[in-house]
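Input: a single structure, listed below in structure tokens.
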Amino acid sequence: MKRFFFLFVVFSLGIATISLVTNGYASENNTKPIYYWMKFKAKDKFARSKIADLGVTIETVVEDSVAAIGNARNLAAAKKSGMLELDFELTDKMLDFPQEDSNFHNYAELVQEMQKLAAQYPNLAKLSSIGTTREGRELYMLTISTDSDDLSRPAVFFMGGHHAREHLSVETPLLLAEHLLKSYTSRDLRIINLLSKRTVYILPSVNPDGAEFDVATDKYRMWRKNRTKNHDNSYGVDLNRNYGYGWGGGGASTYPGDDTYRGTSAFSESESLAVKNFFESHNNITITLSFHTYSELILYPWGHSYNKISNQKDFQVHKTMAETMAQWNGYTPEQSSDLYIASGDTTDWAYGQLGIISFTFELDPKMGMSEQFKPGGGFYPGQSYIYPVFQKNLEPCLYLLEYSDNPYRVIEPKPLAYGLSSPLW
Ligand code: 0X9
Ligand code: ZN
């Protein structure tokens, strides 16, 4: 704690690059990777993209600064870049998760909860697996609808947990499933209408191998990727750099040991491949939302390019939907690449390849530069976040479901008797 305070003071004084030698992690067996926190000067998206190309993961953007996390290789490159202002090794203390965090679901608890929901609501919820992970775990999905076999019903595909340490992104879609099922049963008319006319696909954890690795000891490990063993004996591919649209472009590393490693080829990973196969065999999906953490953002394509979506209508639908949803959750709506360029993410592929309206939410919290040293950073905000974050994101999810019959309705002039004309009523 003292060290934290010391660092904070040093940072506040704006002293240039420092490097602290601490008793950090051991690196043997790749079980405790050493991470460095870095602060960069970056005045715009172009500078931020250069930083992303160092192989670090950008975590916070505040005006003309960026906070990022990376390994020793990234730190060396950062030092050469001339943009680095401050760096230090993250210690156990800073990565530690609060003791009282049992409300988060590990893989066994997640599966149990999904099985329970399917058993409790047999006419509304169907449990299936869309594939297996590198380590052989099933990728469980809940299909929620009054007729889950009707592939002509418009559908929204909600996903979470692409990144291992973003545990809140697993809890949010899981709570959405529970909410829909409970509300239908307690005769909530809006939900009855939705589930009678739409299908909801919920895959809470795309990367259970990574998530399990992150929680396998009593200390959180800040793990991001999956658990593929790479040719250089490092572990993990960044699943959000492994999708096949613009794969291999900017903001994705070719170094297997980096946290943004793109993999050996597009869809080299069983997890991203399973998601691809599911999309391709369900052309009733018109909208998708991939939950991540953190920073409180609503992002839409493109992420691999600064260009706007060239189809004007598609661009307007994404923009309008993002801005509308932002009114409910208070997040910032923007094009992904306004943040920084990153190639191979889920939403670029889903829109670019399949024309599906696609969003990435970066859930809570939003951290200012001076809050960067909170234990666990923004990835481990504690279980008190689970329910409020779900609640503020519920209305955006219901909105996407409502418009999934024809997302282009959001840019049509509203009819006078609005509501009565909705196909839902
Ligand atoms: O970098 C990512 O994969 C996402 N952020 S996270 O902190 N959850 O890792 C954002 C992806 C958005 N896409 C682009 N910026 N291109
Ligand atoms: Zn993420």
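Counting starts at 1 for both ligands and their atoms, following the listed order.
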Closest approach of any protein heavy atom to atom 14 (C) of ligand 1, naming residue and atom: S336 CB, 3.5 Å
Distance-only polar pair, side chains of T199 and N284, donor-acceptor under 3.5 Å: no
Check: Y351 ring centroid to W302 ring centroid under 6.0 Å: yes
Any donor-acceptor N or O pair under 3.5 Å, side chains T346, H162: yes
Residue pair T260 / D258, side-chain donor-acceptor N/O under 3.5 Å: no
Geometric class of the F361/F291 ring pair [parallel <30°, tilted 30-60°, perpendicular >60°]: perpendicular
Ligand 1 atoms in contact with T293 (distance to a heavy atom under 4.0 Å): 7 (O), 8 (N)
Numbered atoms of ligand 1 (with element) below 4.0 Å of A342, judged on heavy atoms: 14 (C), 16 (N)
Residue, atom name and distance, where the atom is the protein heavy atom closest to atom 11 (C) of ligand 1: N240 ND2, 3.7 Å
N393-N329 side chain donor-acceptor pair, cut-off 3.5 Å: yes
Of the listed options E166, H292, E59, R241, closest to atom 2 (C) of ligand 1 (non-hydrogen atoms): R241
Interfacing atoms of ligand 1 (cut-off 4.0 Å, heavy-atom, G303): 16 (N)
Nearest neighbour of atom 1 (O) of ligand 1 from the list Y294, Y340, F361, on a heavy-atom basis: Y340
Backbone N/O of R134 and side chain of S270: donor-acceptor pair under 3.5 Å: yes
Part of H162 within contact of ligand 1 (heavy atoms, under 4.0 Å): neither
Of all N/O/S atoms in H163, the name of the one nearest the Zn ion (ligand 2): ND1
Atoms in ligand 1 with a heavy atom of L299 nearer than 4.0 Å: 12 (C)
Near-ring test F278/F157, centroid separation under 6.0 angstrom: yes
Residue H292 atom name (nearest to the Zn ion (ligand 2); N/O/S): ND1
Flag for D214-Y380: side-chain donor and acceptor within less than 3.5 Å: yes
Heteroatom test (N, O or S) for E362 near the Zn ion (ligand 2), limit 2.8 Å: no
Any side-chain donor near an acceptor of the partner, T133 and E135, under 3.5 Å: no
Shortest heavy-atom approach to atom 12 (C) of ligand 1 - which of T260, L339, I58, D345: D345
R224 N/O under 3.5 Å from ligand 1 N/O: yes
Ligand 1 N/O within reach of D238 N/O, cut-off under 3.5 Å: no
Heavy-atom nearest neighbour in the protein, as seen from atom 6 (S) of ligand 1, with distance rounded to 0.1 Å: E362 OE2, 3.4 Å
